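Working notes for the structure below.
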Amino acid sequence: MKPLNDATALTFQDVRFVLTDMDETLTYRGRLSARTYEALERLQHAGIIVIPVTAAPAGWCDQMARMWPVDGVIGENGGFFFARRASDHGLQRLFWHGDKELIRIIEQLAQIGERVRREIPSATFADDQPFRQTSIAFARPEDAMVETEVVAALRSEGADVTVNNLWILGWLGGYDKLSMARRILLERYDLDIDKERNTVLYVGDSTNDAPMFSFFNHTVGVSTVTQYLHEIPVAPRWISEGPGGSGFVEAACAVLAAR
């Protein structure tokens, strides 16, 4: 990784899309600063398409898509895409699974979650589980062995699993952040990222950002990404000086400087 401050004004000249993790990337210690929100606005006003790509639940993403200066939100690690409709204050909702399949998936996930809790009594659902539609989230336990047991139990049920700074996340469908980003950018913005990956910059901080760090040419890890590098096969190309929030502002300024 190179310090982001070393990037030249031409480094990000082709970037037209900024995709970013949310928790501890846009936020820091769970809070969104005014400077970070302003950076999102500045990117949008400059014509940059901004899409948070997060493990956060549908309930949070609904609010973000409606009220934040973003062009849409990919949530629950790729389970859906929410975007504000131009005509009113409503949302367009696109799920990875079709409507009929989604009903079955929701029921199946609920059953998996209960089986894991019975198998591991110390495992607890995350506080935001009631607001999820396509995933199961367990709070990360202090005991690393319990975390390992929860991950193994989810995988034994056939679930896809990732861990970030807040949650142990399980879902069904074989997708991840990159899969859904590829689909949305093609279907909504006519962007084939396999041919034009230089047009996208991704900012993240932890393990579930690994597929994005591995694929895109322009990747930035906020400073706390160093805690997770042993779990990330390909490190981000650049690292910010500051942690979540302030690190994202650094990335936004680098993109804007190239406009």
Side-chain angles (χ1 to χ4, degrees), residues 1-28 32-54 68-74 176-182 184-186 188-259:
M1 296 183 295
K2 298 179 181 179
L4 183 57
N5 288 337
D6 289 350
T8 70
L10 298 179
T11 301
F12 304 117
Q13 62 182 342
D14 295 326
V15 171
R16 296 188 288 116
F17 296 82
V18 170
L19 308 187
T20 177
D21 178 55
M22 185 187 73
D23 292 292
E24 301 309 299
T25 298
L26 289 176
T27 62
Y28 182 59
L32 180 74
S33 74
R35 288 184 65 239
T36 307
Y37 194 91
E38 181 188 24
L40 293 170
E41 282 195 322
R42 289 171 61 205
L43 287 168
Q44 196 170 58
H45 290 164
I48 303 293
I49 302 297
V50 182
I51 301 175
V53 187
T54 174
W68 287 24
V70 297
D71 295 88
V73 181
I74 293 173
D176 57 17
K177 286 187 173 187
L178 180 59
S179 304
M180 191 53 145
R182 175 181 278 108
I184 293 304
L185 291 175
L186 182 61
R188 190 174 178 90
Y189 301 99
D190 197 29
L191 177 73
D192 184 341
I193 60 174
D194 293 298
K195 297 178 179 178
E196 298 183 81
R197 66 183 70 187
N198 278 345
T199 62
V200 178
L201 177 138
Y202 184 77
V203 190
D205 79 304
S206 65
T207 312
N208 67 330
D209 299 308
M212 308 295 264
F213 290 150
S214 295
F215 179 81
F216 289 109
N217 294 331
H218 298 309
T219 56
V220 177
V222 297
S223 63
T224 51
V225 76
T226 55
Q227 301 171 26
Y228 301 94
L229 289 179
H230 64 288
E231 300 174 355
I232 298 173
V234 178
R237 182 160 295 188
W238 304 93
I239 186 166
S240 67
E241 184 175 340
S246 61
F248 176 81
V249 172
E250 291 175 46
C253 288
V255 171
L256 290 167
R259 300 299 287 172

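Predicted model, so just to flag it, every value in this text is computed and none were measured.
When all heavy atoms are compared, the tightest approach of Met22 to Trp68 is SD-CH2, 4.0 Å. Across all non-hydrogen atoms, the minimal contact from Phe213 to Val234 is CB-O, 3.4 Å. Nearest approach of Met212 to Ala181, heavy atoms of both residues: CE-CB, 4.0 Å. Looking at every heavy atom in both residues, Val50 comes nearest to Leu40 through CG1-CD2, 3.7 Å. Across all non-hydrogen atoms, the minimal contact from Thr224 to Glu24 is OG1-O, 4.3 Å. Of all heavy-atom pairs between Leu229 and Pro236, the closest is CD2-CD, 4.3 Å.
Checked against side-chain hydrogen bond (donor to acceptor under 3.5 Å, both in side chains), Thr226 has no partners two or more places apart in sequence or in another chain. Partners of Thr11 by side chain to side chain contact (heavy atoms under 4.5 Å, CB included), not counting sequence neighbours, listed by chain and number: Ala7, Thr8, Trp238. Among residues two or more places apart in sequence or in another chain, the side-chain hydrogen bond (donor to acceptor under 3.5 Å, both in side chains) test is passed with Arg182 by Asp194. For Asn217, the side-chain hydrogen bond (donor to acceptor under 3.5 Å, both in side chains) test picks out Asn198, with sequence neighbours left out. Ser179 pairs by the side-chain hydrogen bond (donor to acceptor under 3.5 Å, both in side chains) definition with Asp176, not counting sequence neighbours.
When side chains are defined from C-beta on, Leu26 does not count as touching Tyr37, because their heavy atoms never get closer than 4.5 Å. Looking only at side-chain heavy atoms (C-beta outward), Tyr189 and Ile51 come within less than 4.5 Å of each other. In this structure, the side chains of Asp71 and Phe17 stay at 4.5 Å or more apart for every pair of heavy atoms. Using a 4.5 Å cut-off on side-chain heavy atoms (C-beta onward), Lys177 and Asn208 make contact. Between Tyr28 and Val222 the shortest side-chain heavy-atom distance does not fall below 4.5 Å. Using a 4.5 Å heavy-atom threshold, the side chains of Leu185 and Ile49 count as separate.
To the nearest 0.5 Å, atom CG of residue Asp192 and atom CZ of residue Arg197 are 9.5 Å apart. Rounded to the nearest 0.5 Å, atoms CE (Met1) and OG1 (Thr219) are 9.5 Å apart. Atoms CD1 and CG, from Ile239 and Leu4 in turn, are 10.0 Å apart once rounded to the nearest 0.5 Å. With rounding to the nearest 0.5 Å, the separation of CG in Leu19 from NE2 in His218 is 12.5 Å. The CD atom of Glu231 sits 4.0 Å away from atom OG1 of Thr207, with the distance rounded to the nearest 0.5 Å. From Asp209, atom CG reaches atom OG1 of Thr25 across 5.5 Å, with rounding to the nearest 0.5 Å.
Proximity of a side-chain donor or acceptor of Ser214 to a complementary backbone N or O of Ala210 within less than 3.5 Å is detected. Judged purely by atom type and a 3.5 angstrom limit, Asp14 has no side-chain atom pairing as donor or acceptor with the backbone of Thr199.
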Exercise answer: donor-acceptor pairs, residues 240-259 side-chain atoms, under 3.5 Å, sequence neighbours excluded:
residue	atom	partner	partner atom	Å
Ser240	OG	Ser223	N	3.3
Ser240	OG	Gly242	O	2.6
Glu241	OE1	Asn5	ND2	3.3
Ser246	OG	Pro243	O	3.3
Glu250	OE1	Glu241	N	2.9
Glu250	OE2	Glu241	N	3.3
Glu250	OE2	Gly242	N	2.8
Arg259	NH1	Val15	O	3.4
Arg259	NH2	Ala46	O	3.3

*asked:* One pair to check against side chain to side chain contact (heavy atoms under 4.5 Å, CB included): Leu201 and Ile48. What are the steps and the verdict?
replied: CA-CA 10 Å; Leu201 177 138; Ile48 303 293; over 6 Å; no

